[in-house]
Amino acid sequence: MPRPRPTADPAVITLEVNGERCAVAFAPHKTLLEVLREDLDLTGTKHGCELGECGTCTVLLDDAPVLSCLVLGLACDGRRVRTVEGMAEGARLHPLQETFADLGAAQCGYCTPGFLLTAQALLDANPRPTRDEIKAALAGNLCRCTGYLKIYEAVELAAARLRGEDAEPARETLYGRR
Amino acid sequence: MLRLPTFTYLAPRSLAQALRGKTEAGPGGMYVAGGTDLYPNMKRRHQEPAVVISLAGIRALRRPPTIRRSGDPAGGGMRLSAGLTLTELHTHRRVRRLYPVVARGAELISTPPLRNMGTLGGNLCLDTRCNYYNQSYEWRKAIDFCMKKDGAICWVAPSSPRCWAVQSSDLAPVMVALDARLVLAGPAGERVVPAARFYHNDGINYLTKQPDEILTAVELPAPGGWDATYLKLRRRGSFDFPVLGVAAWVRWDGDRVAEARIVLGGVASHPQEVPEAGAAMLGSRLEADALEAAASAAFRPSKPMDNTDFTLSWRKEMTRTYVRRALEELRDRHR
Amino acid sequence: MDGGKRAGGRPGGSAVGDHAPAHPPTRPTVGGEGLRVVGAPLRKVDAVAKVTGRTRFADDLALPRMLWCKLLRSPHAHARVRRVETSRAEELDGVAAVLTGAALPMPFGILPVSQDEHALAPDRVRFIGDAVAAVAAATEEIATAALELIEVEYEPLPVIADPEAAIAPTDTPLHDYGDAGNLHKLIHLQFGDVDAGFAAAEHVREDLYFYEGNTHLAMEQHAALADWSPDGKLTLWSSTQTPHYVHRALAKVLELPPSRIRVIATPNGGGFGGKSDPFNHEIVVAKLAMVTGRPVKIALTREEVFYCHRGRHPTLMWVKSGVTADGRLTALHFRTLLDGGGYGSYGVASTYYTGALQTVTYRVDRYRFEGARAFTNKAPCGPKRGHGTPQPRFALEVQLDKIAEDLGVDPAELRLRHLVPPASVTANWLRIGSMGLGRCIQQVVTASGWATRHARRRPGWGLGLACSSYISGAGLPIYWNDMPHSGVQLKLDRGGGVTVFCGSTDIGQGSDSILATIVAEVLGVAVADIAVVTADTDLTPVDLGSYSSRVTLMSGNAALQAAERAREILTTVVAAKLAVPAARLVCAAGRLFDAENPELGLAFADAVQLAEAKMGTVGTVGSYTPPRSPGRYRGAGVGPSPAYSYSAAVAEVEVDPETGIVVVPKIWIAHDVGQCINPVTVVGQVEGSVYMGLGEALMEEMAYRPARRLLHRIPSMLEYKSPTTLEMCDVETYLIEDPDPSGPFGAKEVGQGPLLPVPPAVANAVYAAVGVRIDEVPITPDKVLKALRQQARGGPGRTGPERFPDIPWPEPTVVPTPWEGGDGRAAGGADRSAGQRTAVGSVTPERQH
Ligand SMILES: Cc1cc2nc3c(=O)[nH]c(=O)nc-3n(C[C@H](O)[C@H](O)[C@H](O)COP(=O)(O)OP(=O)(O)OC[C@H]3O[C@@H](n4cnc5c(N)ncnc54)[C@H](O)[C@@H]3O)c2cc1C
Ligand code: SF4
Ligand code: FES
Ligand code: FES
């Protein structure tokens, strides 16, 4: 079973990444994950298995969270991709980024881009998710550091702020219980 | 990083183009829909198509669910295009209302992002699974491979002439229990097969579909007079494939069972209907002893092999419990 | 209670009252009032980089002309490597170099006593996944294809599948060293007259327990990038927790002066102990960079990470405990048998750890420990969160639950009665500092409603309690040396910025932020004015690494010292300028000012400029060496720590009696962290530990396929079961602050300890719910159902190991306890201080290269 080497000519597609249209050339067997990281230098998208089993590589494709390790780059021609690099508006962080940073929802930060984008899609569709809805929406992203709790709290806080509420983190969230 | 092997990628816009592409590619051609089964398999070199033919750009496979009138020659009911994603399926209002068992089956699959990608058609054509097979090329090489790919023997049942890889789709047992009809398009035209006849109890040749046929749609029977449910056993509430799936379908005649089907997933290479279990309930009100009789009847032929998560004796044991619980649910809902 | 920045001293009525808690002597900076940034829930210094995707993890790095490396791994669990033929691979277009074991003959290993690994196996492979050859090629695809072209001729050898098999005498031991055949390490320690202790007991229990192996499963797969410059300098970026040890291993194996090697630990995408060894792939890419003159990167697949492993040792345990009627442990006897896998790794230390910390929670009068580690043909085990202590902790806490029931005492009460006093020395000569376990227990007991709810159980529902303790850094280094364990340099800039240089590695636990916070606190500047440079062997003074929960305490103390020295310089020059006594000067809010006349002062930047004008460039250093431990016997090197953290947990479980499925809705946990440097990160560590403990309790296991070549059954994210959002329980986290005199501002560890009580608390709760004992983890539904069936048939209702094999234990090292008049040395004095010099008793003390 000697594996084939990439011999094919590079493919060229045009897609919109983080609001900017761009053309990119890459070996045609590459997944979106590889194209983003290796051909567009967007290394914010991480990977933990490349088999669809961890959720780390989640990006938004036409606004829906998908696993970039199982999407062919070629299948993205003409489509819209959002990665963690495109979450902030200019120099202003997305409210989810603010709350993830403030509440310690990113420990090692490796799973964080995937969680942020999944959460963003959730809040775009459902501005007032319950805790159970948050758990269900994030059930395809694994995190080994946080135990998810700070992530839920960060999503809830960001949701409140996105609704225009003047919300602050709970005291136990910041200080623990005493 | 695990990467795909090289291949030629085709993105046809119509069924005819897709079929032509497959004809030209010959045995080295494979269809792909969401790719959530095919691409992991290609990365582990289970499947090594030289040509990958994407069905994602074919409009005809992506039509929203439609209700057929009862006067329709195909009978009343709903038609689900094969290219619908699992998310589209389980969030669709009418599917949820008229076929909650389909919505539930779809919602229990994999994870939210995977459901945004994976399709109904891909789910029904899902490759069978086995702990000796769903491994990297290097891992499989260390056991000298197995019969399903690159090897000669089955490590699960070494004296067996066949492969026992497990039917692991959640919707397959549901469709068999509902007696849904699958619409296939091939070079010679269209044909319709009952879901039960779409599958073979063989880990390698698990589909009766010809390799060049495309599953275009699923026709669900008209709602009314029957009820069905699906229970799934797995380690975690997300990600995991079923190690046991129980689809139970009952047609009521007043407060009595007029017809019933129990279909087991995850314990054989096909969705396994247990006719004895259905028969055991006939005429009953699903009272305790009828449930027990059906559960025992399902337990007996349930023969999981040691090739998934959990111990096989426990999985077999759970057949009884899960069948009983599925029927309890149907009974309680009917009251 | 006080929800503010820090809880005050000990509240009255503590359960430790029995032992009249001596207030720890405080030094000026320990737990002082009026802390500004210490104890505040600040954003971590790298938080924004992490939420914007800017953090560069190892695999995010790429250099021009970079080659990709892949390793060829053994398909045999145990075999001689007869021949490796690489010519066909070398000829493949795009391949730059192929290496075999012959290129890297020098062995290495994390412990000086087990230098038993090779970067590429020269003559023997010891587990499936052991590396035999390496390729560097233009793309990862080509490198992968080239592996297929390498031919290796193996001669299979008998496979040792489990520790029992390792006990049998053998002609082909896995290694040419060890204590007996394939038994890598045998330990026998006896503290006090244990027989007399059992004779004094009013109740004696013997039980067997098993803790299955599991792995770290950090989300980031290991990756490394090496660059060799023609001027003879090598740079390695790697996702490692221990750049210093990698530095040493590279120097040894590559036979280069350490001064020509620079190791940079990239931020780790999770470590949990899995990135604490020097790894073959790090050495291989370095060598390939030297051979090809081009940068070489390797990014392991998830499956390969399972082969790196170094995770929790599967451990069989036999426990005999003797208690008085009120539950005091008059004697404890522990036997452990660890399945070590194919190499030594930290295994000798792990084995000692399975016997070290039993004594630091509840008073144990006399104690005997027999520990054995076996070599088997599996991926090597090593340190995972809690290193060697979750296994015995599980056994001890379940055992105590059984004893409480035997004696008719409430399990919480039993524990509260016999807490180890603070500022005391244990039977095995560990010196305890602050000890907040009593408060932890009371907190979780109150919060969970234990008193009323534990007794009033309903079928299928139960509460279980367990406690634990963990070290805040190991008291001794891994290799023999007299130098500090952590060093910090500070550079004060004219502009008012301060740069902290430290060898410590941020693996997500927030160690960079700890450094910044402590320095900001002492110098009175904002955390934002501090730059942190860490984990770079060219730029930063040595810190031993992010393991054994040592970083906050050790690098924190080093930072504290460096900052205090800087403050000293600044106050001296400012005092002279303003003509106020230096002692009256306060550093706060970016100024140095007179405490009695706050108007009178200088901006921090002006103070730095003044100092620079007077004395030249302003920089200081600080370092930390742990205090000497009172234990002087061989083996005393493992267990001592400057401070011990304490935790108590109550788990709530629901058990489905028809399926055996266990669900954990909630865990209450209290953790004595001494002092929070940053409470958000402390809570995060507690919650993350509970998460990992829950996974170990219910589902995680490194499972091997015994039948066919001893293969890892499930080396994937899908089949190695890590809890998702849907399995994770609710957690109520209580922080107890019992400042320890050894910690910076009184801080103790939090990264590992809170994992430990979770598995036994869950096991005890399962018993409370359905009356069966699952004496092993993971507690899977089939085990619960089996025990329930057995119970229904009138059996004991237990699933767990049935026997402990006979092991040729050596004669004990007998050490009298402190209360028997001992002096910390073994009776007979045969091995004075032998085990004292390193954590694991180095046989050939290896000095700096
Ligand atoms: C981590 C993980 C967890 C998963 N968990 C589950 C689970 O719990 N339950 C479950 O059922 N599945 C699970 N899956 C499998 C898979 O995601 C789903 O079954 C999905 O629905 C497959 O659809 P797809 O469109 O992605 O299939 P693809 O990968 O595109 O195709 C799968 C197969 O079907 C063929 N095919 C696809 N569409 C057609 C068509 N219209 N006509 C003819 N042939 C076709 C392809 O040639 C291929 O052989 C999981 C997958 C992963 C990676
Ligand atoms: S059932 Fe047997 S032949 Fe089939 S995949 Fe598993 S091991 Fe291979
Ligand atoms: S990398 Fe794990 S799901 Fe894509
Ligand atoms: S923060 Fe480390 S994996 Fe989630």
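What you see is a predicted model; the values in this text were computed from it and never measured. What you see below is based on every heavy atom in this structure, not just the backbone, and it leaves out hydrogens, waters and symmetry mates. Just so we're on the same page: letters track the sequence lines, and every chain starts at 1.
Both the backbone and the side chain of A:E98 come within less than 4.5 Å of a heavy atom of chain C. Heavy atoms of A:H94 lying under 4.5 Å from chain C are absent altogether. In this structure, chain C has a heavy atom under 4.5 Å from the backbone of A:L103, while its side chain stays farther away. Contacts of C:V690 with chain A are absent, with no heavy-atom separation under 4.5 Å from either backbone or side chain. At a 4.5 Å heavy-atom cutoff, the contact between A:Y148 and chain C is made by side-chain atoms alone. Contact annotation for C:T55: only backbone heavy atoms (N, CA, C, O) come within less than 4.5 Å of a heavy atom of chain A. Residue A:K46 touches chain C through its side chain alone, counting heavy-atom pairs closer than 4.5 Å. Within the 4.5 angstrom heavy-atom criterion, atoms from both the backbone and the side chain of A:L174 approach chain C. Proximity to chain A (any heavy atom under 4.5 Å) is shown, for C:D59, by both the backbone and the side chain. When heavy atoms are compared at a cutoff of 4.5 Å, C:E303 does not approach chain A at all. Contact annotation for C:E727: neither backbone nor side-chain heavy atoms come within less than 4.5 Å of a heavy atom of chain A. For A:T112, the part lying under 4.5 angstrom from a heavy atom of chain C is the side chain only. Contact of C:H216 with chain A is made through the backbone alone, with heavy-atom distances under 4.5 Å. In this structure, chain A has heavy atoms under 4.5 Å from both the backbone and the side chain of C:L718. For C:R56, the part sitting under 4.5 Å from any heavy atom of chain A is the side chain, from C-beta outward, and nothing else.
The neighbour count for C:R43 CZ, taken as heavy atoms of other residues, nucleotides or ligands under 6.0 Å away, is above 12.
With values rounded to the nearest 0.5 angstrom, C:N268 atom CG is found 7.5 Å from C:S546 atom OG. One finds the OH atom of C:Y734 at 13.5 Å from the CD atom of C:Q442 (value rounded to the nearest 0.5 Å).
With A:C111 as the fixed residue, the side-chain contact (heavy atoms from CB on, under 4.5 Å) test singles out one of A:C54, A:C145, A:C143: A:C143.
Residues passing the side chain to side chain donor-acceptor pair (under 3.5 Å) test with A:R131 are A:E156, sequence neighbours excluded.
Proximity to chain C among residues 65-92 of chain A is limited to A:V84, A:E85, judged by heavy-atom separations below 4.5 angstrom.
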